[in-house]
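What follows is one structure encoded as C-alpha cells, with my remarks underneath.
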Amino acid sequence: QVQLVESGGGLVQPGGSLRLSCTASGLTLDPYGVGWFRQAPGKEREGVSYIASSTNTYYAESVKGRFTISRDFAKNTVTLQMNSLKPEDTGAYYCAAVYLPRRGSTGGGKMVPGNEYDDWGQGTQVSVSS
C-alpha cells in the first residue's frame, strides 16, 4: 500500500495558478499510474488528469490547455500545474494511484476510472474566487 499526500491547494483569484503535488511514501510510485480527481460541493467526482508516463497522459476537456501533469520518479511525486484557473475549477482535489502491473494496461491516453485505483490521498482544497 502506498500512502499519498496532496499539497498546494488554496484560494486564488480567477486567472491565477496553483501547483498541486501528490507525494507518495511507503512504496515507490514507479509501477503506478496516478490520477487527479476533483469534487465540488453537490457534484459527482470527476477525473481531471492522469499520468502513467510523460507520453501517456490524459486531460479532461474542461482543463486541456490549462493544466499540466508531470511526475518526478526520483522524488516519488506527481504534480498538477493549474493555470488560468476558473471558478468552476473549485473543489476538493484528490490524487490516487493504480498498480499498473495488476491492471494490465497503462491507460493508453485515457483516464483510468476511479473505481480501479488502489490508494487515495486525503485531498486538498482549491478555491477560485474573486
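- Remark: side-chain polar atoms of Tyr59 are not paired, donor with acceptor, to backbone N or O of Arg66 under 3.5 angstrom.
- A donor-acceptor pair under 3.5 Å is absent between the side-chain atoms of Asn83 and the main chain of Gly65, judged by distance alone.
- Using a 4.5 Å heavy-atom cutoff, the side chains of Leu20 and Arg38 are not in contact.
- Hydrophobic cluster membership differs between Phe67 and Tyr50, with clusters built from Ile, Leu, Val, Met, Phe, Trp and Tyr side chains linked at under 4.5 angstrom.
- Between Ser129 and Leu11 there is a side-chain heavy-atom pair separated by less than 4.5 Å.
- Heavy atoms only, all atoms of each residue included: Ser49 and Met111 are closest at O-CE, 3.3 Å.
- Side-chain N or O atoms of Arg102 include none that pairs as donor or acceptor with a backbone N or O of Val98 at under 3.5 Å.
- Results of the side chain to side chain contact (heavy atoms under 4.5 Å, CB included) test with Val34 over Val78, Leu4, Asp119, Ile69 single out Val78 as the only residue that passes.
- In this structure, the separation between CG on Asp118 and CG on Leu27 is 11.0 Å, given to the nearest 0.5 Å.
- Annotation: Phe37 is in aromatic contact with Trp120 [ring centroid separation under 6.0 Å].
- Of the possible polar contacts, one joining the Glu6 side chain to the Gln122 backbone as a donor-acceptor pair under 3.5 Å is found.
- With a 4.5 Å cut-off on side-chain heavy atoms, Thr106 and Ser53 do not count as touching.
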### Message
What verdict does the side chain to side chain contact (heavy atoms under 4.5 Å, CB included) test give for Ser105 and Glu116, after you've listed the backbone C-alpha separation in whole Å, the side-chain angles of each residue and the deciding distance to 0.1 Å?
### Response
CA-CA 12 Å; Ser105 169; Glu116 295 191 34; over 6 Å; no
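- In this structure, the ring-ring contact (aromatic ring centres under 6.0 Å, His included) partners of Tyr32, at least two apart in sequence or on a different chain, are Tyr99.
- With Ser84 contributing its side chain and Gly15 its backbone, the two residues share no donor-acceptor pair below 3.5 Å.
- Within the 4.5 Å cutoff, no side-chain heavy atoms of Leu100 are placed close to those of Pro31.
- By the rule that hydrophobic residues join a cluster once side-chain heavy atoms approach within less than 4.5 Å of another member, Val5 and Tyr117 end up as members of separate clusters.
- Atoms OG and CG, from Ser62 and Asp89 in turn, are 7.0 Å apart once rounded to the nearest 0.5 Å.
- A side-chain donor-acceptor contact under 3.5 Å links Arg71 to the backbone of Ala52.
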### Query
Given the rule in the side chain to side chain contact (heavy atoms under 4.5 Å, CB included) test, do Met82 and Val126 qualify, once you have shown the distances and angles that lead to the verdict?
CA-CA 10 Å; Met82 307 188 297; Val126 171; 3.8 Å; yes
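- For the atom pair Asn76 CG and Thr23 OG1, the distance stands at 8.0 Å (nearest 0.5 Å).
- Under a hydrophobic-cluster definition in which Ile, Leu, Val, Met, Phe, Trp and Tyr are linked whenever side-chain heavy atoms come within less than 4.5 Å, directly or via other members, Val112 and Tyr58 are assigned to the same cluster.
- For Gln125, the CD atom is densely surrounded, since the number of other residues' heavy atoms within 6.0 Å is greater than 12.
- Rounded to the nearest 0.5 Å, atoms CD (Gln1) and OG (Ser25) are 10.0 Å apart.
- Taking all atoms of both residues into account, the shortest heavy-atom contact from Val63 to Val48 is CG2-O, 3.7 Å.
- For Val12, the side-chain contact (heavy atoms from CB on, under 4.5 Å) test picks out Leu18, Leu85, Val128, with sequence neighbours left out.
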